[in-house]
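To start, the structure itself, in structure tokens.
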Amino acid sequence: MSNEIKKHDSIYGRFEDVLPKVLDDIKGRLERYNENERRKKGEAVYEHLICRIKTDESMREKCVRRGFPENTYSAIWELKDAVGIRIICAFRDDIYKIIEYIRTFSDARIIEEKDYIKRAKANGYRSYHLILEILEPFHDIEGNYPGHFFAEIQLRTIAMDSWASLEHRMKYKKNIKNQELIVSELKRCADELASLDISMQTIRNLINIGESNEDTISS
Amino acid sequence: MKILLAVNDEELLRSLVAVLLHNGYQVDTVRNGKAAIDKACKNIYDTMVIDIILPIVDGIETVKIIRNKGKSTPIILLSESSGVSDRIMGLDIGADDYLIKPFSMGELLASIRARIRRSRVYNREDLEFASLRLDLSEQEIKARNTIRISGKECRLMELLMRNTDHEISTADIYHAIWDKDKSEYTKDVVWVYISYLKQKLEAIGADAEIIGNEGESFILRKTRRKE
């Protein structure tokens, strides 16, 4: 009985069961792509991915914060990150490779993108954010079939991800001493990690050039 | 350590070369001011020793032109005991020290050591080229983004930014950055570090790029960006 009440309480309303299917569809495509690349080239394009449907509580909080009424329409139509996927890559170039793959979807389009890698946030945060609009075999809130659904996809390297999660942990310790110093030191760490990411990418490129030269010589 | 020696006096030149080589310096020699300017602009030296008495372009004028071309390499002038006004002018237009002939070789060597030591400390201001900024004390490059770079990357970036008017060969870069450490790396290391910086300049959205291919010469150039 209590479950029943909870279900009807969800801000996602009748879409509560649909959103996980949207998530699974996108996730499945990415996983198959990764598997194919691994088989073809012996190297995966991403290390791992994590997915979530934004919790009822944080979606309600976001509606309020953004000035939308706390209802289903706001949660799945106005705000477009109820479905969230984060892709963690080993190398920087892999991020852009995956974005190009996503662009090939014939039933989806990227409606918004923010490249915080080429243009890092002031605090040093780096990541690529995009909003995908995708057609799914369900009615959407406007009654369209196939329905239009949205997902936020974030892509980053392992280094960017570890910085973001460490920074996130520290940010919530209130009233720390030397706040300004800590913030600038965290940014310094982000800038150092970014440099390492590029060094690793460069080394991989140099190895790849070396290998392809060898192939040419031996063939 | 590489020294440019601009001296016309045959006998003095010969003894200076012998002493400098004996003390482990590499030496380039020229006999007139014009050649000194050419060499100073094309190569990278740790110190330049210039005699005030030089044909074609005299020593004072030579220092002036080298400084006007933005070269901050330490310069030691050699002068006659009578040339007080020359010495004052020489120092005023950018020479770092002078020695009065005849001087002891020990004194010249000490002066060279002091200049080299000092130049490492005081050339610490930020360098700028187009939208690119190199912060030497923080070892950071900045344009749209900022990133930290390693010590060797920083020295390579500094070398490129101080020599934007001419190409620098792989051998000169290797000599300027790795040779001094008696490192076990070969010249291949230059291309690896050039590659790091090429990618890093792109990553920070700088409107400058390093031109040049593996094993060849390199120069920093302004780029036009599509974005």
Side-chain angles (χ1 to χ4, degrees), chain A residues 89-97 99 113-129 155-157 159-160 162-164 167 181 183-214 216, chain B residues 126 131-158 160 170 173 177 185-210 212-216 218 223-227:
Chain A
C89 300
F91 294 98
R92 229 174 102 104
D93 285 1
D94 294 339
I95 292 171
Y96 294 97
K97 194 171 166 187
I99 295 164
E113 48 196 318
K114 282 186 187 136
D115 187 346
Y116 295 121
I117 297 170
K118 294 222 169 89
R119 201 177 284 271
K121 284 194 180 180
N123 66 353
Y125 176 85
R126 286 168 170 85
S127 186
Y128 199 104
H129 295 188
L155 303 102
R156 38 172 96 147
T157 63
M160 293 171 197
S162 56
W163 182 88
E167 195 259 359
L181 176 68
V183 169
S184 76
E185 283 301 292
L186 280 170
K187 176 176 186 295
R188 190 176 62 76
C189 291
D191 293 345
E192 267 179 61
L193 285 168
S195 185
L196 282 181
D197 258 343
I198 298 158
S199 296
M200 298 295 271
Q201 178 71 55
T202 310
I203 293 167
R204 181 165 86 158
N205 294 349
L206 291 172
I207 291 171
N208 286 347
I209 293 168
E211 279 176 352
S212 67
N213 284 347
E214 247 168 56
T216 326
Chain B
D126 289 2
S131 71
L132 170 67
R133 211 162 97 224
L134 171 66
D135 184 331
L136 290 161
S137 57
E138 292 294 328
Q139 285 189 204
E140 281 177 353
I141 44 172
K142 301 177 186 181
R144 204 168 54 207
N145 286 351
T146 302
I147 57 174
R148 307 277 289 193
I149 52 177
S150 73
K152 290 277 195 284
E153 286 170 334
C154 189
R155 283 169 67 186
L156 177 53
M157 195 70 250
E158 180 181 357
L160 289 164
T170 291
I173 292 172
I177 297 175
Y185 290 111
T186 63
K187 289 189 178 66
D188 292 342
V189 74
V190 174
W191 177 242
V192 175
Y193 275 73
I194 288 280
S195 303
Y196 287 154
L197 288 180
K198 275 175 181 252
Q199 301 253 7
K200 284 171 191 180
L201 289 175
E202 207 186 315
I204 58 168
D207 57 357
E209 61 181 334
I210 301 168
N213 299 312
E214 185 171 0
E216 295 173 0
F218 301 97
T223 32
R224 256 168 210 277
R225 298 228 151 239
K226 286 152 259 161
E227 286 174 81

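All chains are named by letter (A, B, ...) in the order of the sequence lines, taking the proteins before the strands, and each is independently numbered beginning at 1.
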Worksheet entry | B:Ser195 side chain to A:Thr202 backbone, donor-acceptor under 3.5 Å | no
Worksheet item: Closest approach of B:Asn145 and A:Ile117, non-hydrogen atoms and distance?
Response: ND2-O, 2.9 Å
Discussion item. Taking side chain as everything from C-beta outward and backbone as N, CA, C, O, which of these in A:Arg188 sits under 4.5 Å from a heavy atom of chain B? Side chain, backbone, both or neither.
Written reply: both
Fill in: Check: B:Gly205 main-chain N/O paired with A:Lys118 side-chain donor or acceptor under 3.5 Å
no
Practice prompt. For the pair B:Gln199 and A:Ser199, evaluate side chain to side chain contact (heavy atoms under 4.5 Å, CB included) and give the outcome as yes or no after the intermediate values.
Written response: CA-CA 8 Å; B:Gln199 301 253 7; A:Ser199 296; over 6 Å; no
Worksheet item: By a 4.5 Å heavy-atom criterion (distance strictly below it), what part of B:Gln139 contacts chain A: side chain, backbone, both, or neither?
Response: neither
Discussion item. Can you tell me how far apart CD (A:Glu192) and CD (B:Glu140) are? Round to the nearest 0.5 Å.
Written reply: 8.5 Å
Worksheet item: For A:Asn205, is it the side chain, the backbone, both, or neither that has a heavy atom closer than 4.5 Å to a heavy atom of chain B?
Response: side chain
Item to complete: Grab the two heavy atoms, one from B:Tyr196 and one from A:Ile198, that are nearest each other, plus how far apart they are.
Response: O-CG2, 4.4 Å
Item to complete: In sequence, state the C-alpha distance, the side-chain angles, and the governing distance for A:Cys189 and B:Arg148, and then conclude on side chain to side chain contact (heavy atoms under 4.5 Å, CB included).
Response: CA-CA 9 Å; A:Cys189 291; B:Arg148 307 277 289 193; over 6 Å; no
Worksheet entry | Minimal non-hydrogen separation, B:Ile147 against A:Asp191, with atom names | CB-O, 3.5 Å
